[in-house]
Amino acid sequence: MSAVGKPITCTAAIAYEANKPLTVTEIVVDPPKAHEVRIKIVKTAVCHTDAYSLSGVDPEGLFPCVLGHEGSGIVESIGADVTNVKVGDHVIALYTAECGKCKFCLSGKTNLCGSVRATQGKGVMPDGTTRFHDKDGKPIYHFMGCSTFSQYTVVADVSLVAFDKSVSFEPTALLGCGVTTGYGAAIKTANIQKGDTVAVFGAGTVGLSVVQGAKSRGASKIIVVDLNNDKKDWSFEFGATDFVNPKELKDSEDIVSKLIEMTDGGLDFTFDCTGNVNVMRNALEACHKGWGQSIIIGVAAAGQEIATRPFQLVTGRVWRGSAFGGIKGRSEMGGLIKDYQSGTLKVDEFITGRRPFTEINAAFEDLHNGSCLRTVLDTST
Ligand SMILES: NC(=O)C1=CN([C@@H]2O[C@H](COP(=O)(O)OP(=O)(O)OC[C@H]3O[C@@H](n4cnc5c(N)ncnc54)[C@H](OP(=O)(O)O)[C@@H]3O)[C@@H](O)[C@H]2O)C=CC1
Ligand SMILES: N[C@@H](CCC(=O)N[C@@H](CSC=O)C(=O)NCC(=O)O)C(=O)O
Ligand SMILES: [Zn+2]
Ligand SMILES: [Zn+2]
């Protein structure tokens with residue numbers, strides 16, 4: 001019997017409090033209101049940002065909530081006035097919405113959209129209420145406008161994009177965050193050109209996706225910096241030309257001087273994909289005088305601040321940031337899917353494990369163990 005217009009009881013993973021394992025339990029998911037879409041999530045994966053928010057240091061972190069923002073699934077039902085998707089469409093949830101109408105969307109300068117961001121950061125839908133409840137009716141917060149750690153979720157219509165049914169749910173789940181973020185940061189935010197030199201700090205899914213973006217643009221040197229030698233082989237497979245482990249430098253060397261020496265004065269582009277503010281400083285200072293740009297992708301907690309001597313900027317180095325790789329999810333995801341289909345963009349290669357949904361806490365543990373890129377969860381099991 002169809003559940004359209006009715007609440008659905010399903011399994012979800014609830015973050016009840018910071019730093020505690022998620023509780024896999026039944027919740028109630030209300031039907032979508034106007035301009036909302038209820039999705040049956042098929043595949044989802046854990047991104048480092050889910051672990052960051054679960055750790056309790058995210059100033060927008062609210063509990064209890066349904067985490068998860070890398071996920072894809074099938075439109076189960078739509079609310080009034082939804083015109084961009086229909087029931088049965090295969091979709092990716094987008095934590096960076098694209099309304100096409102707000103000041104941000106119309107600026108042509110950014111992929112950040114203002115339409116739902118304020119309520120998204122408060123863990124509620126645009127009308128200020130939640131569609132998730134526990135069995136006693138108590139509200140459960142949404143997360144990043146997606147909440148993919150549930151068999152069913154509700155998102156704003158501006159927070160999803162449909163994709164061709166010939167593409168499967170696993171790669172599209174990963175395109176919901178990590179891969180798109182890194183690849184976009186390289187090809188869009190930085191707009192790396194043939195011959196440029198690049199250093200990437202942090203060889204997780206985001207960092208290695210920067211690497212493949214740099215490779216696709218013909219960068220002449222792509223240096224990966226990571227403390228974990230287990231990331232070396234992957235770095236080369238995704239396109240790195242060099243791998244440096246700062247722990248293995250000589251006493252007389254530091255990572256900044258090492259990178260400057262390797263690149264005849266510094267890099268054209270560096271990327272922080274660690275979220276560590278000390279690494280961000282090194283990444284900036286390893287840039288070439290006069291033009292080098294450092295792009296911050298990693299997320300750091302409230303209270304953490306970046307520092308450098310202003311002279312570093314006076315002498316032409318540029319500090320920038322990138323959210324979701326600068327990609328506009330609804331109008332540009334199709335291009336990334338084409339890159340995936342043509343083989344330019346590796347996505348499946350990031351899947352280092354698969355688990356049933358009930359093992360979601362183990363998937364978080366995987367992320368903290370250096371031999372994981374992404375663990376994909378099957379919400380039906
Ligand atoms: N701006 C945006 O739109 C987005 C930002 N993010 C953020 O990007 C970052 C990366 O995410 P993700 O790839 O999923 O995370 P991962 O945890 O998979 O990757 C981070 C990598 O950085 C390495 N690392 C940690 N500390 C250092 C250090 N001091 N020097 C060098 N390498 C280091 C880790 O090594 P080890 O294996 O030893 O832990 C790991 O390989 C996170 O901060 C995440 O929150 C993610 C998605 C979107
Ligand atoms: N609530 C967090 C926000 C951290 C952050 O910067 N998030 C990234 C996406 S991380 C994905 O894995 C982002 O896109 N930021 C732009 C935005 O509008 O949120 C905090 O306050 O730390
Ligand atoms: Zn993410
Ligand atoms: Zn907008």
Side-chain angles (χ1 to χ4, degrees), residues 8-29 38-58 60-74 76 91-95 123 130-135 138-155 168-179 181 204-206 299 347-348 350-381:
I8 291 178
T9 299
C10 69
T11 302
I14 310 300
Y16 277 107
E17 47 179 317
N19 256 323
K20 292 277 159 58
L22 306 184
T23 305
V24 178
T25 186
E26 286 201 332
I27 63 162
V28 177
V29 183
R38 189 159 62 183
I39 307 169
K40 180 185 196 309
I41 294 292
V42 177
K43 302 283 180 179
T44 183
V46 184
C47 166
H48 195 106
T49 305
D50 297 304
Y52 158 79
S53 297
L54 180 59
S55 76
V57 297
D58 177 354
E60 292 182 313
L62 294 161
F63 301 92
C65 76
V66 178
L67 293 167
H69 61 283
E70 265 190 15
S72 63
I74 304 167
E76 178 271 340
V91 293
I92 301 172
L94 298 172
Y95 65 86
T130 77
R131 300 293 159 268
F132 298 129
H133 303 277
D134 68 14
K135 293 189 99 182
K138 289 198 195 105
I140 298 168
Y141 289 112
H142 296 249
F143 177 68
M144 288 177 73
C146 295
S147 290
T148 57
F149 295 162
S150 175
Q151 288 177 322
Y152 287 87
T153 189
V154 177
V155 306
S168 61
F169 290 107
E170 282 192 342
T172 45
L174 267 55
L175 285 168
C177 184
V179 173
T181 296
T205 296
V206 173
V299 171
V347 182
D348 301 311
F350 287 94
I351 302 171
T352 47
R354 292 180 176 81
R355 290 183 181 276
F357 188 59
T358 47
E359 290 181 13
I360 189 164
N361 288 303
F364 273 77
E365 285 162 25
D366 293 342
L367 196 68
H368 295 303
N369 125 23
S371 57
C372 162
L373 291 174
R374 284 292 190 261
T375 299
V376 174
L377 298 158
D378 179 341
T379 55
S380 69
T381 53

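Side chains are part of it too, since the values below use all heavy atoms of this structure and drop only hydrogens, waters and symmetry mates. Starting from 1, each residue takes its place in the sequence as its number. As the structure is a prediction and not an experimental result, all values here were calculated from the model.
Heavy atoms from other residues, nucleotides or ligands lying under 6.0 Å from OH of Y141 number 12 at most.
Residues H69 and D50 are in side-chain contact: their nearest non-hydrogen atoms beyond the backbone lie under 4.5 Å apart. You'll find the side chain of L67 reaches within 4.5 Å of the side chain of S53, heavy atoms only. Looking at heavy atoms from C-beta onward, C47 lies in side-chain contact with R374 at the 4.5 angstrom threshold. Looking at T375 and L367, their side chains never come closer than 4.5 Å, going by heavy atoms from C-beta outward.
A donor-acceptor pair under 3.5 Å is absent between the side-chain atoms of T44 and the main chain of L377, judged by distance alone. Of the possible donor and acceptor atoms, one in the side chain of T379 sits under 3.5 Å from a partner among the backbone N and O of I41. D378 places no side-chain N or O within donor-acceptor distance of the main-chain N or O of P356, the cut-off being under 3.5 Å. Counting only distance, with no hydrogens or angles, the side chain of E70 and the backbone of G178 share a donor-acceptor pair below 3.5 Å.
With sequence neighbours left out, the side chain to side chain contact (heavy atoms under 4.5 Å, CB included) criterion links S168 to P171. Remark: D58 pairs with no residue by the salt bridge (Lys or Arg N to Asp or Glu O under 4.0 Å) rule, at least two apart or across chains. Partners of K138 by salt bridge (Lys or Arg N to Asp or Glu O under 4.0 Å), not counting sequence neighbours: none found.
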Review point. Under the side-chain contact (heavy atoms from CB on, under 4.5 Å) criterion, do T153 and F132 qualify, and how do the steps go?
Key: CA-CA 8 Å; T153 189; F132 298 129; 3.3 Å; yes
**Study point:** R38/R131 under side-chain contact (heavy atoms from CB on, under 4.5 Å): CA gap, chis, key distance, verdict
**Key:** CA-CA 10 Å; R38 189 159 62 183; R131 300 293 159 268; over 6 Å; no
Exercise for review: Please assess I351 against L373 for the test side-chain contact (heavy atoms from CB on, under 4.5 Å), listing each intermediate value before the final yes or no.
Suggested key: CA-CA 6 Å; I351 302 171; L373 291 174; over 6 Å; no
Review point. Under the side-chain contact (heavy atoms from CB on, under 4.5 Å) criterion, do C10 and S150 qualify, and how do the steps go?
Key: CA-CA 8 Å; C10 69; S150 175; 3.8 Å; yes
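Exactly one residue among I14, L54, I140 makes a side-chain contact (heavy atoms from CB on, under 4.5 Å) with F63. That residue is L54. I39 pairs with exactly one of T148, I74, V91 by the side-chain contact (heavy atoms from CB on, under 4.5 Å) rule, that one being V91.
Closest of all the heavy-atom pairs between Y152 and V29 is O-CG2, 3.6 Å. Across all non-hydrogen atoms, the minimal contact from H133 to P139 is ND1-CA, 3.8 Å. Considering all non-hydrogen atoms of both residues, Y16 and T25 come closest at OH-CG2, 4.3 Å. The shortest heavy-atom contact between C372 and D366 is CB-O, 3.0 Å. When all heavy atoms are compared, the tightest approach of V66 to S147 is O-OG, 2.7 Å. In terms of heavy atoms, G73 sits closest to F169 at O-CE2, 3.5 Å.
Taking CZ of F364 as the start and NE2 of H48 as the end, the distance is 10.5 Å to the nearest 0.5 Å. Between T181 atom OG1 and L174 atom CG the span is 11.0 Å, to the nearest 0.5 Å.
The residues K40 and E76 are annotated as not salt-bridged, no charged nitrogen and carboxylate oxygen being separated by less than 4.0 angstrom.
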